[in-house]
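Let me begin by presenting the structure, written as structure tokens, before commenting on it.
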Amino acid sequence: MSNQVIHRVQHVYELLQQAEVSKESITPLTKQYPDLTIDEAYQVQLRMIDQKVQKGQKIVGKKIGLTSVAMQQLLGVDQPDYGHLLDSMEASNMGTIHLDELFQPKVEGEIAFVLNKDLTGPDVTVEDVLDATEYISPALEIVDSRITDWNITLADTVADNASSGMFVIGDERYSVTDIDLPSIEMNLFKNGERINTGYGYDVLGHPAKCVAWLANKLSEYNVALKAGEVILSGALSAAIAAEKGDRFTAGFSHIGKVEVMFK
């Protein structure tokens, strides 16, 4: 790794750290460093996660982003991305999230996979994922960005832990053998009004295909998905901005619902 790359990765890391401490968003990283590569952005993300783990936080899972064709086209990419879930990021179902802990949050409805076996790429298949899944649950992901006005490229969001904010897992647990995952319908409600609808097939055609992609992608960094981890398999519809007083509910056919309030 060249000195130039080392300097770039270190400074991007410092910019994101400063934003987290000050709670002030920053200009796009790729405006400051147009040559920032995706691999360098993942190095920044991993450094940030390592720093949090050293301070006592625990990795409890992973999230997959950019699983829809529309979002990939928006950022000009042809593959998803991923981020880490920490225990400090989980909020309770039917609980409350304080907006002052976040920057510019948006809410997505997703299907969460909880694993009972490790998944190690590079040759993980959909069938492997289903075999390694203890259960699925309804979930909300609260995506967030330290980049001003969500003015992001792929490298920006990857460095920023794939724009991860918080997540909520529903109380219901279901076996994947009982449900046709692509046909699951999700309706996302804001303050009781249905805002949008999505289906399991909206994420790479099958939610488990997203998890397989992640396991295979992580193998490039000698990382495996671990038994017990929560995997958020990707947003089934567009993210909706959250403001103080908002209540979000995602209702899923066959697997129940999940809800959170903002104050």
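Just so you know, these numbers use all the heavy atoms, side chains as well, and skip hydrogens, waters and symmetry mates. Here the structure is a predicted model, which means the values were calculated and not measured.
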Pairs in or reaching into [range]: which pass salt bridge (Lys or Arg N to Asp or Glu O under 4.0 Å), with residues at least two apart or in two chains?
| range | value |
| --- | --- |
| residues 252-263 | Arg247-Glu259 |
| residues 203-225 | Lys217-Glu220 |
| residues 160-180 | Arg146-Asp160 |

Got a donor-acceptor contact below 3.5 angstrom from the [X] side chain to the [Y] backbone?
| X | Y | value |
| --- | --- | --- |
| Asn196 | Ala238 | yes |
| Asp202 | Tyr199 | yes |
| Asn161 | His84 | yes |
| His206 | Ala208 | yes |
| Asp156 | Leu29 | yes |
| Trp150 | Gln104 | yes |

By side-chain contact (heavy atoms from CB on, under 4.5 Å) - contacts of Ser22 (at least two apart):
Glu24

Pair [X]-[Y], side-chain donor/acceptor within less than 3.5 Å:
| X | Y | result |
| --- | --- | --- |
| Ser145 | Ser163 | no |
| Gln10 | Glu14 | yes |
| Asp50 | Gln54 | no |

Those residues at least two apart in sequence (or on a different chain) that pass side-chain hydrogen bond (donor to acceptor under 3.5 Å, both in side chains) with Glu110 are none

Which residues satisfy the side-chain hydrogen bond (donor to acceptor under 3.5 Å, both in side chains) test with His11, sequence neighbours excluded?
Tyr33

Quick one: do Lys63 and Glu108 make a salt bridge, cutoff under 4.0 Å?
no

Show your reasoning for whether side-chain contact (heavy atoms from CB on, under 4.5 Å) applies to Thr133 and Leu115.
CA-CA 4 Å; Thr133 299; Leu115 305 179; 4.2 Å; yes

Less than 4.5 Å apart, side chain to side chain, heavy atoms only: is that true for [X] and [Y]?
| X | Y | value |
| --- | --- | --- |
| Ile147 | Phe103 | no |
| Val44 | Met48 | yes |
| Leu154 | Thr30 | no |
| Ile26 | Gln18 | no |

Can you tell me how far [atom2] of [Y] sits from [atom1] of [X], rounded to the nearest 0.5 angstrom?
| X | Y | atom1 | atom2 | value |
| --- | --- | --- | --- | --- |
| Ile184 | Ile111 | CD1 | CD1 | 4.0 Å |
| Leu236 | Thr197 | CG | OG1 | 10.5 Å |
| Ile231 | Lys226 | CD1 | NZ | 12.0 Å |

Closest heavy-atom pair and its distance - [X], [Y]:
| X | Y | value |
| --- | --- | --- |
| Cys210 | Ile64 | O-CD1, 3.2 Å |
| Val260 | Gly95 | CG2-O, 3.5 Å |
| Ala41 | Leu36 | N-CD1, 4.4 Å |

side-chain contact (heavy atoms from CB on, under 4.5 Å) between Leu66 and Gln79: does it pass, once the steps are laid out?
CA-CA 7 Å; Leu66 306 180; Gln79 63 176 325; over 6 Å; no

Under the salt bridge (charged side-chain N to carboxylate O under 4.0 Å, His left out) test, which residues partner Lys190, sequence neighbours left out?
Asp246

Using the test salt bridge (charged side-chain N to carboxylate O under 4.0 Å, His left out), find all partners of Arg8 that sit at least two apart in sequence or belong to another chain.
Glu40

Test of understanding: with ring pair (Phe, Tyr, Trp, His ring centres under 6.0 Å), list the residues that count as partners of Phe262, not counting sequence neighbours.
Phe248

Listed partners of Phe252 passing ring pair (Phe, Tyr, Trp, His ring centres under 6.0 Å), at least two apart
none

Using the rule that Ile, Leu, Val, Met, Phe, Trp and Tyr join whenever any side-chain heavy atoms are under 4.5 Å apart, tell me whether Leu181 and Tyr174 fall into a single cluster.
yes

Same apolar cluster: Phe113 and Leu218, side chain cutoff 4.5 Å:
yes

Would you mind writing out the side-chain donor-acceptor pairs for residues 118-132 within the sub-3.5 Å range, not counting sequence neighbours?
| from | atom 1 | to | atom 2 | distance (Å) |
| --- | --- | --- | --- | --- |
| Asp118 | OD1 | Ala227 | N | 2.8 |
| Thr125 | OG1 | Glu127 | N | 3.4 |
| Thr125 | OG1 | Glu127 | OE1 | 3.4 |
| Thr125 | OG1 | Asp128 | N | 3.1 |
| Thr125 | OG1 | Asp128 | OD2 | 3.1 |
| Asp128 | OD2 | Thr125 | N | 2.9 |
| Asp131 | OD2 | Lys117 | NZ | 2.6 |

List, by chain and number, the other hydrophobic cluster members for Leu85, where Ile, Leu, Val, Met, Phe, Trp and Tyr join if side-chain heavy atoms come within less than 4.5 Å, directly or indirectly.
Ile49, Val53, Ile59, Val60, Leu86, Met89, Val114, Tyr135, Phe167, Ile169, Val230, Leu232

